[in-house]
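By convention in this document, chain letters (A, B, ...) are assigned in the order of the sequence lines, proteins followed by strands, and residues within each chain are numbered from 1.
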Amino acid sequence: MSEAAKESLNFIEQIIQDDLETKKNITVHTRFPPEPNGFLHIGHVKAIAINFETAKKYGGKTNLRFDDTNPITEKTLYVDNIKSDIKWLGYDWEDREYFASDYFDQLYAFAVDLINKGLAYVDDSTPDEIASMKGDPNTPGKNSPHRDRSVEENLRLFEEMKNGVHPDGSMVLRAKIDMAHPNLLMRDPNLYRVKTATHHRTGDKWCIYPLYDFAHGQSDSIENITYSLCSLEFRHHRDLYNWLIEKLEIFPSRQIEFARMNVAHMITSKRKLLKLVEENFVTGWDDPRMPTVAGMRRRGYPAAALITFVNKVGVAKRENTIELDLLESCVRDELNKTATRVMGVLNPLKMVITNFPEGKVEEMRADNNPEDENSGTRIVPFTRELYIEQEDFMEDAPKKFFRLGPGKTVRLKNGFIVSYENHLKDEEGNVTEVHVKYYPDSRSGSDTSGIKAKGVLHWVSIEHAIKVEVRDYDKLFTVESPLADEEKDFMEFFNHDSLKVLDNVFVEPSLQFAKPGDRFQFMRKGYFCLDQESTEDKLIFNKTVGLKSSWKPKNNQNQRSNQKK
RNA sequence: UGACCCAUGGUGUAAUGGUAACACUACGGUUUUUGGUAUCGUCAUUCUAGGUUCGAGUCCUAGUGGGUCAACCA
């Protein structure tokens with residue numbers, strides 16, 4: 001108790017704690033209610049985590065329920081993808097997998113109950129008429145001419161609706177509340193509509209389908225959900241949610257709204273994401289640049305990092321835009337602990353160790369992960385001719401350049417210390433080759449040379465290296481909030497340089513055993529994940545995120561200009 | 001012009017009437033065979049104005065700013 005008191009609670013937990021203490025509720029039961037009409041994205045991750053974590057915290061349970069009341073947009077394909085995404089995130093709904101469509105019979109009975117209580121009526125006004133009779137925020141609505149039909153007539157018409165007597169869109173069932181209510185949603189909201197369509201689960205059994213407000217809350221009640229957590233834009237629906245629970249006299253689930261999470265440079269609108277896919281701005285829903293769970297997984301973001309991220313973001317009711325830095329920080333933190341270190345050269349420059357015997361191969365031992373004692377070591381071959389990174393050599397290197405250049409001495413990671421001798425250039429003045437000498441007594445791990453080398457470079461043996469492809473991703477949008485400017489279409493902010501393919505990358509031979517999804521740290525460069533499109537002949541690595549770097553070359557205009565914005 | 005919600009460093013989130021804290025970012029230092037990691041440090045008129053109170057980020061009132069709401073979508 002004293003422990004719990006010390007810990008700070010978010011506003012939802014405070015409500016729950018209160019209810020538990022006053023015995024208003026004795027259990028905590030939540031639900032995650034996706035509509036199966038699209039793929040899960042970063043915003044859903046937050047909703048999933050809040051629902052599952054909140055229940056877990058109070059020893060409760062979380063249901064998975066597909067809100068499948070719109071047969072024309074919903075598909076089983078989405079159901080399957082959503083399930084596997086949630087599992088990948090690490091959450092388990094056990095046997096509590098439900099569908100709103102499972103409750104269609106019950107929902108129909110609820111509707112009949114409402115009609116019998118004189119609280120619902122069938123309206124055969126046109127959609128336009130209904131809209132115009134609704135009024136607007138400043139003017140009250142008008143009662144429908146059909147509002148006072150008898151219970152018997154309503155019952156008959158509603159049954160006819162169910163039996164397919166009336167065509168699509170010809171009539172609806174509405175709640176009879178108050179056409180002058182300040183909350184527009186309470187001005188006789190539609191409950192059921194006629195829609196002749198094949199449902200992904202109920203097939204052609206129904207030609208009437210309940211609307212959100214007559215399905216969601218009722219499903220919560222049926223499942224004895226105690227806390228129905230949703231985003232802020234459903235605030236106005238809560239009045240109706242409560243009204244229906246009261247009139248139907250069913251289990252009093254409680255809706256609590258929290259603010260949606262916005263992440264800088266990302267969008268989470270299903271429709272807009274779909275546009276990116278359909279118009280081939282990205283390669284698919286699982287393109288590693290997409291904010292979808294599938295995309296982020298393929299990018300190499302660990303599930304644990306995503307969960308840490310949304311937990312750190314917290315829960316509140318104000319508008320927010322989370323910086324990408326926080327997400328990347330969580331990803332790096334997780335990967336730092338778990339990713340195997342390897343060496344890979346993204347932009348190769350040939351280096352020749354002039355005093356190293358030709359044909360000789362030194363087997364160097366390298367730690368797989370210095371952050372993990374149990375990760376073991378591996379062998380990396382060291383030879384006379386190596387590749388180093390182009391950017392690790394500079395002809396006119398400043399003092400603080402702890403890399404290679406005239407007069408410089410550096411340590412080759414897990415190898416030997418080498419000193420600059422000379423370099424070759426082509427006609428255009430590009431450096432093509434660097435010659436160095438090495439110190440045989442400076443072997444990594446048993447260095448007796450006494451030479452101090454401030455810089456450390458990564459490298460690969462040319463003879464042993466595997467040539468691979470690297471896909472380097474950048475943010476999909478150039479501004480933090482591409483949707484914020486109402487004057488401009490969000491596609492104006494699309495980052496056309498969001499994908500750079502490096503096809504002349506060389507990695508150490510141990511990577512030949514990598515499997516799709518495996519994550520590595522290319523030392524000094526970043527974290528990379530083997531892509532699913534890799535073949536035996538060609539490995540493809542997705543750059544998950546770069547390493548942080550406190551090295552900033554000054555006065556270099558050619559450095560990547562996409563740092564912040 | 002209505003109803004409802006929100007307002008704390010650059011970004012998020014705490015502080016539950018009693019010393020404004022934590023994380024990320026940024027900038028410095030230390031350590032380092034990754035310019036990584038680790039570690040230490042630096043950066044605030046709590047939107048405004050009144051009020052209640054011994055005491056207000058917190059409670060009240062008004063203002064200002066932002067958001068949401070009028071699909072037979074969810």
In B/S/- notation (B base, S sugar-phosphate only, - none; protein heavy atoms under 4.0 Å), nucleotides 68-74 of chain B written 5' to 3' is BSB-BSB
Under a 4.0 Å heavy-atom criterion, the protein footprint on nucleotides 28-46 of chain B, written with B, S and -, is ----BBBBBS---------
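Across every strand in view, A74(B) sits unpaired, with no contact that passes the Watson-Crick or G-U test at under 3.5 angstrom. Across all strands shown, C27(B) pairs with G41(B); the Watson-Crick or G-U wobble distances both stay below 3.5 Å. Both distances falling under 3.5 Å, in either a Watson-Crick or a G-U wobble arrangement, place A7(B) opposite U64(B). Pair assignment for A21(B): U13(B), on the basis of Watson-Crick or G-U wobble contacts that are both within less than 3.5 Å. C69(B) is paired with G2(B) under the Watson-Crick or G-U wobble criterion, all donor-acceptor distances under 3.5 Å. Pair check for U58(B) finds none; no Watson-Crick or G-U wobble contact set falls under 3.5 Å.
If you measure from atom CG of Leu9(A) to atom P of A21(B), you get 20 Å, rounded to the nearest angstrom. Separating the CD atom of Glu323(A) from the C1' atom of G12(B) is a distance of 8 Å, rounded to the nearest angstrom. Atom-to-atom, CD of Glu480(A) to P of G10(B) comes out at 14 Å; the value is rounded to the nearest Å. Distance Asn320(A) CG to G66(B) P: 18 Å, rounded to the nearest Å. Protein atom CZ of Phe11(A) is 17 Å distant from nucleotide atom C1' of U58(B), rounded to whole Å. With rounding to whole Å, Asp239(A) atom CG is found 12 Å from C5(B) atom C1'. Following rounding to the nearest Å, Met261(A) (CE) and U11(B) (P) show an atom-to-atom distance of 18 Å. Atom CE of Met179(A) is separated from atom C1' of A3(B) by 16 Å (rounded to the nearest Å).
A distance of 6.0 Å or more separates the ring centres of Tyr78(A) and His200(A). Between Phe66(A) and Tyr98(A), a ring centre-to-centre spacing not shorter than 6.0 Å is recorded. Separation of the Phe382(A) and Trp459(A) ring centroids falls under the 6.0 Å cut-off. Two rings, from Tyr212(A) and His237(A), have their centers less than 6.0 Å apart.
Using atom C1' as the reference point in both G67(B) and G29(B), the two lie 43 Å apart (nearest Å). When the P atom is compared between C24(B) and G36(B), the two are found 15 Å apart, to the nearest whole Å. For the C1' atom pair drawn from C43(B) and A23(B), the interatomic distance equals 15 Å after rounding to whole Å. Separating the C1' atom of U25(B) from that of G17(B) is a span of 33 Å, rounded to the nearest Å. Distance noted for atom C1' between U1(B) and C72(B): 29 Å (whole Å). Distance noted for atom P between A74(B) and G18(B): 46 Å (whole Å). Between the C1' atoms of G50(B) and G9(B), the separation comes to 27 Å (whole Å). The separation of A56(B) from G65(B), taken at their P atoms, amounts to 27 Å, rounded to a whole angstrom.
In this pair, Phe522(A) and Phe541(A) present their aromatic rings perpendicular. The plane angle is above 60°, beyond the 30 to 60° band.
Under 4.0 Å is where a charged nitrogen must lie from a carboxylate oxygen, and between Glu389(A) and Arg524(A) no such pair does. Between Asp333(A) and Lys312(A) there is no salt bridge, since no side-chain N of the basic residue sits under 4.0 Å from a carboxylate O of the acidic one.
The side-chain tip of Lys408(A) does not point at the ring of Phe401(A) from less than 6.0 angstrom away and within 45° of straight on.
Of the possible donor and acceptor atoms, none in the side chain of Glu328(A) sits under 3.5 Å from a partner among the backbone N and O of Asp325(A).
For Arg318(A), a side-chain nitrogen or oxygen approaches OP1 or OP2 of U13(B) to under 4.0 Å.
With respect to Tyr108(A), the ring pair (Phe, Tyr, Trp, His ring centres under 6.0 Å) criterion is satisfied by exactly one of Phe158(A), Phe214(A), Tyr209(A), Tyr103(A): Phe158(A).
Looking at the side chain of Lys317(A), the nearest of the listed nucleotides G10(B), A14(B), C6(B) is C6(B).
The two atoms that bring Pro291(A) and Met296(A) nearest to each other are O-CE, 3.6 Å, heavy atoms only.
If Gln14(A) and Lys312(A) are placed on RNA chain B by their nearest nucleotide, the residue sitting closer to the 5' end is Gln14(A).
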